[in-house]
Amino acid sequence: MSTEFTMAKAYEPSGLEEQLYAAWEASGAFNPDHLPDRNQQGEPYCILMPPPNRTGTLHMGHATMLAIEDVLARFHRMRGKKVLWIPGTDHAAIATQVKVEQLLIKEGIKDPRAELGREKFLERVVAFAEDSAKTINHQVRKMGSSCDWSRERYTFDAERNAAVNRVFAMMFEDGIIERGYRVVNWDPQFQTTLSDDELETKETTARLLTFKYDADFPIAISTTRPETKFGDTAVAVHPDDTRYQAFVGKTLDAVFCGKKIQIRVIADPAVDPAFGTGALGVTPAHSMIDAELAERHGLPTIPVIGRDGRLLLGAVPEAFVGCTLSDARKMIEEALQAQGLLQEVKEVPQALPIAQRGGAIVEQLPMKQWFVRANKPFALRQDTLGKWKKGDQVTLKELMREAVASKQTSIVPDRFEKIYFHWIEHLRDWCISRQIWFGHRIPVWYRGDELRVSEGSPGEGWEQDPDTLDTWFSSGMWTFSALGWPNEETWNRHRAYHPTAVLETGYDILFFWVARMVLMATYAIGEVPFKDVYLHGLVRDEQGRKMSKSLGNVLDPLDLIPKYGTDAVRLSLMVGTTPGMDVKLSEQKIEGFRNFTNKVWNIARYILSTTNADAAPSTTTTLADRWLDARLATVTRSVTEKLERYQFSAAAEELRDFTWNDLADWYLEIAKVEGGKDARLRRTLQTVLALWHPFMPFVTEEIWKQAAPGSPFLMVTPWPMAEGRAEEPVFTALQSLVTEMRRLRAEQRVEPSRAIAFSIVCESELWSQLEENSAWIKRLVHAEAITRTSSLPASWPVATQGATSVGFDPAGALDLAQEREKWKKELEATVGYIASLEQKLANQEFTAKAPEKVIQGMREKHADAVAKRDTLRARLAEDS
RNA sequence: GGACGGCUAGCUCAGUUGGUUAGAGCGUCACAUUGACAUUGUGAAGGUCAGAGGUUCGACUCCUCUGCCGUCCACCA
């Protein structure tokens, strides 16, 4: 026993974790350039951390992300790859600005933007963002993330701004960024445009009115939004609709609630003749669908709603000017009613578009904005995706489809590929300009009618576009902008890391972000941004509800870590889940894993305190040893394979099974009896620690200090190789023996310690024969055990020695009659099973068609069942 | 309205190309317990795999339909 041995009785993570993290970081192992030589030779392996928004603090979703990415990083690092995991944060333009505005309003500044002005306001936002970044980085460290802080990035730093400007200029030159007057989503609360993906729908009911514009108008229309009808320029009907044939092509004058309007009657197949009156009032200014109709038919666009969400001066009669939309809606309904124009009112369900941030009802307004054209062909700047050559004409949509269709990017789980393709099919032009202040400024300058794309001012008299870019425009470039593009020197240094190995994120931002990264990388670099996409599920509470402040069911990683330890929190987020499935998290679950980390600690404590580090390897190998080695080899192989396939839960469960059941509960007990296993125990412990390290970096690294004194960090230790034959016949035979011994013990035929019982087997010199004929040996050992133990326990020296240590309680004798009942039942079941097997094997149809493997398997099962039946019969006969 | 997913033990979930007695963790129950660990050990109970058809020698697994629950997409005005 080592005199320096010091391990607390229970694992106490707090304090230790900070020290370990600091030591790892100081060692340089987070930075690929400082990894050992074998990693320098290894394949580059890069993960970009999805940058958390600088809006405050991290939640359990972030914790899940960090846990999984850290497992990947540590696993591949140990396997010898040159691992680069880049941390970073996202300025999250609108989200951050909104957050700060709300804070300022709480401080008593009623209208922060108006009162502070652009410069002052931005100062406040920047200060807030800096603060958030600090908090976030602290939390990322707490999770044990082995990311390279020397390469920390921010989506809004100078280098990323250079990337944004470059891509913008490229796309502008290629004609796929355009400025245009089109109907866009407008958030009246925050006074900015929004992309289609920043909308949510709210289920409400609306009053569907059916009416005529005026008494002389020949066609009745239906709408839930009468207040927009001041902007109608057409009525559309289906081309085959005979009711309205006579009017198609004519332009009619009407007076709608006091406003003169001109209505052209058009025919378009998009109109559903069965809905309402079959005639649709077309409002090109305030409906995307109507805007498309208007474009096809060359209709004028008359906006009637202003940016404040109220009716516009000049566009509506005086009585309505400045009215809110809901007031106007009521007034119009009353007016129509009074004039006798209203034919029908119906309550209908309606999906209202609302802003994802803020929840305001989003209006559709025509505005001059910047767009990325998804469907417009352009000439490629380089060979792309191995399919297109430089100069080929393609659309962004085609690039996005090809990246996944060609499997250059695979999505795990693959059902999300379907969802991805579906989204791409419906992809429309992407409005990228925002009227908020916090974000990448649009690199466009105006002078009179002139327009120029430029990073800095082109000269005297030029003014920059006041708008900023959608935050996803910059985060879409993350994989290559973070690696230094377009700075040649930095980019060349990191070129080998792109495409990155895997993008790991929640499925909720598949469209926002994942798809846009594919767009940006295939466009700008000509290759996919990542080889794999791993999507984890959302973290929910124990009842499956979303965690939210209002429900009060939020679990905060920073509360849980001091309580249970980081390792336990990490495990609880990865075990018991599959890719893309939501995780139901409870404190009870975390507690279970805390218990497990403590178990690992105590396994190590026992081994390290009872074995000698300098002991020579044992010259004899017992059955138990071979059994352990075989199991470990199988587990090592299997865990490695599972981690390669992103099966984190399955890998951890298998390891837990081995660690707890095989190593702790079985082998350690046997070792107490057999002795002389110091070297094997220590070696096994080291392997187990290494296998666990990606999942539980802290407890394993801490034990490693004692388990492998003087060695480098476990973090940079080579991943275990599966040694020995995993599929030894002895292994399966022993498993049966284990069961058999348990039974003997239960029968009071052997001394009750499973370890002692097992040691009989190990002592006996049967194991070479065991490999040849396991069933025969099994029966033999069974008989052997019975004769040896029932006749003369005293002649069994091992048993008497070990008995006290494992707690033999003679008073706990079993009720033999009850046992006999069990045997009888089991015998019955076995006989039935044998009969069914025999029947099946006699079935010629089956034997003719079933593969040899299956039939062979059944024959073996049959033999086993027969043996079991005989044993049971013999036992019953003997006891009666 | 369209699409996708879930329905397996009391609870949370595995189940990898269909292979024949369906698995784990937690919980429950019984027993044990002072030298690694009560943050423990040994064992037990518990499932006609949502339902109905079909394909097959064989279906939790593939196909069709139905029923709940959930998610995403969708401005039938």
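Reminder, nothing fancy here: chain letters follow the sequence lines and each chain counts from 1. Side chains included, hydrogens not; waters and symmetry mates left out as well; all remaining heavy atoms used.
- Comparing the C1' positions of B:rG19 and B:rC62 gives an interatomic distance of 14 Å, to the nearest angstrom.
- When the C1' atom of B:rC72 is taken as reference, atom CZ of A:F512 falls 11 Å away, rounded to whole Å.
- Between the P atom of B:rC72 and the CG atom of A:L538 lies a distance of 9 Å, rounded to the nearest Å.
- Straight-line distance from the NZ atom of A:K346 to the P atom of B:rA77: 11 Å, rounded to whole Å.
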After noting the C-alpha distance and the side-chain angles of A:E333 and A:R329, does the key distance pass the salt bridge (charged side-chain N to carboxylate O under 4.0 Å, His left out) rule? CA-CA 6 Å; A:E333 187 181 335; A:R329 200 171 300 162; over 6 Å; no
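- Heavy atoms of A:E203 sit under 4.0 angstrom from at least one base atom.
- Put simply, the residue from A:I703, A:L685, A:V688 that forms a side-chain contact (heavy atoms from CB on, under 4.5 Å) with A:I607 is A:L685.
- When the P atom is used for both B:rG23 and B:rG47, the distance is 14 Å, rounded to whole Å.
- At a threshold of 4.0 angstrom between heavy atoms, the contacts of A:K589 with the nucleic acid are absent.
- Put simply, A:N595 has a side-chain N or O that comes within less than 4.0 Å of OP1 or OP2 on B:rU40.
- A:S287 contributes no side-chain N or O that, together with a main-chain N or O of A:P284, makes up a donor-acceptor pair within less than 3.5 Å.
- Nucleotides B:rU17 and B:rA44, compared at atom C1', are 37 Å apart to the nearest Å.
- Spacing between B:rG1 and B:rU66 at atom P, rounded to whole Å, works out to 13 Å.
- Looking at heavy-atom distances under 4.0 Å, A:T578 makes contact with sugar-phosphate atoms alone, never a base.
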Dump the pairs, protein N or O against N or O of nucleotides 3-8 of chain B, anything under 3.5 Å, distances to one decimal.
none

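- Using a 4.0 Å heavy-atom distance criterion, A:F416 is classed as making no nucleic acid contact.
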A:D197 vs A:R516, salt bridge (charged side-chain N to carboxylate O under 4.0 Å, His left out): CA-CA, chis, key distance, verdict: CA-CA 11 Å; A:D197 296 305; A:R516 295 218 164 104; 2.8 Å; yes
All N/O pairs under 3.5 Å across the protein-nucleotides 57-60 of chain B interface:
residue	atom	partner	partner atom	Å
B:rC57	OP1	A:K849	NZ	2.2

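- The side chain of A:D665 has B:rU42 as its nearest neighbour among B:rC37, B:rU42, B:rC76.
- Among the protein residues, A:R428 comes within range of the sugar-phosphate backbone only, with heavy atoms under 4.0 Å from sugar or phosphate atoms but none that close to a base.
- For A:R605, taking side-chain heavy atoms from C-beta onward, the closest of the listed nucleotides B:rG19, B:rA36, B:rC72 is B:rA36.
- Listed for the A:K397 side chain is a donor-acceptor partner under 3.5 Å among the backbone atoms of A:E425.
- Counting all heavy atoms, side chain and backbone alike, A:A285 lies closest to A:P366 at O-CD, 3.1 Å.
- If you check every strand for non-hydrogen atoms under 4.0 Å, A:E542 touches nothing.
- Note: A:F256 and A:Y213 have perpendicular aromatic rings, judged against thresholds of 30 and 60 degrees for the angle between ring planes.
- In this structure, the side chain to side chain donor-acceptor pair (under 3.5 Å) partners of A:S638, at least two apart in sequence or on a different chain, are A:K642, A:E654.
- A:H238 places no side-chain N or O within donor-acceptor distance of the main-chain N or O of A:A270, the cut-off being under 3.5 Å.
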Working for ring-ring contact (aromatic ring centres under 6.0 Å, His included), residues A:Y534 and A:F648: CA-CA 11 Å; A:Y534 176 90; A:F648 306 105; 5.3 Å; yes
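- For A:T847, the side chain to side chain donor-acceptor pair (under 3.5 Å) test picks out no residue, with sequence neighbours left out.
- When the options A:L293, A:I266, A:L299 are evaluated for a side-chain contact (heavy atoms from CB on, under 4.5 Å) with A:T233, the one that passes is A:L299.
- Spacing of C1' atoms, B:rC57 relative to B:rC72, comes out at 42 Å, to the nearest Å.
- Straight-line distance from the CZ atom of A:R594 to the P atom of B:rC37: 16 Å, rounded to whole Å.
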With side-chain contact (heavy atoms from CB on, under 4.5 Å) as the test, would you mind laying out the steps for A:Y11 and A:F698 before giving the verdict? CA-CA 11 Å; A:Y11 174 57; A:F698 290 112; 3.8 Å; yes
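- For the P atom pair drawn from B:rG10 and B:rG51, the interatomic distance equals 14 Å after rounding to whole Å.
- Rounding to whole angstrom units, CG of residue A:L585 and C1' of B:rC13 are separated by 14 Å.
- The CD-C1' distance, from A:E654 to B:rG15, rounds to 14 Å in whole Å.
- A:K584 comes within 4.0 angstrom of the backbone, heavy atoms only, and of no base.
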Its dot-bracket string being built from Watson-Crick and G-U pairs below 3.5 Å, with | for another strand and [ ] for crossing, RNA chain B has the pattern (((((((..((((.....[...)))).(((((.......))))).....(((((..]....))))))))))))....
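- Nucleotides B:rG58 and B:rG54 have their C1' atoms positioned 15 Å apart, rounded to a whole Å.
- Within the model, atoms NE2 of A:H862 and CD1 of A:I855 stand 14.0 Å from one another, a figure rounded to the nearest 0.5 Å.
- Here the P atom of nucleotide B:rC69 and the CG atom of A:D582 are 18 Å apart, to the nearest Å.
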Taking only N/O atoms, report every protein-nucleotides 21-27 of chain B pair under 3.5 Å with atom names and distance.
residue	atom	partner	partner atom	Å
B:rU21	OP1	A:Y833	OH	2.8
B:rC26	O2'	A:Q588	NE2	3.3

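- To the nearest whole angstrom, the two C1' atoms, one in B:rC11 and one in B:rG67, are 23 Å apart.
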Derivation and outcome, ring-ring contact (aromatic ring centres under 6.0 Å, His included), residues A:F512 and A:W423: CA-CA 11 Å; A:F512 289 112; A:W423 180 81; 9.1 Å; no
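- Remark on RNA chain B: of its neighbouring residues A:R540 and A:T201, the 5'-side contact belongs to A:R540, judged by nearest-heavy-atom nucleotide.
- Of the two residues contacting RNA chain B, namely A:V583 and A:A10, the nearest-nucleotide position lying further toward the 5' end is that of A:V583.
- The closest side-chain heavy-atom distance from A:T505 to A:V514 is below 4.5 Å.
- As rounded to whole Å, 13 Å separates atom C1' of B:rG1 from atom CZ of A:F275.
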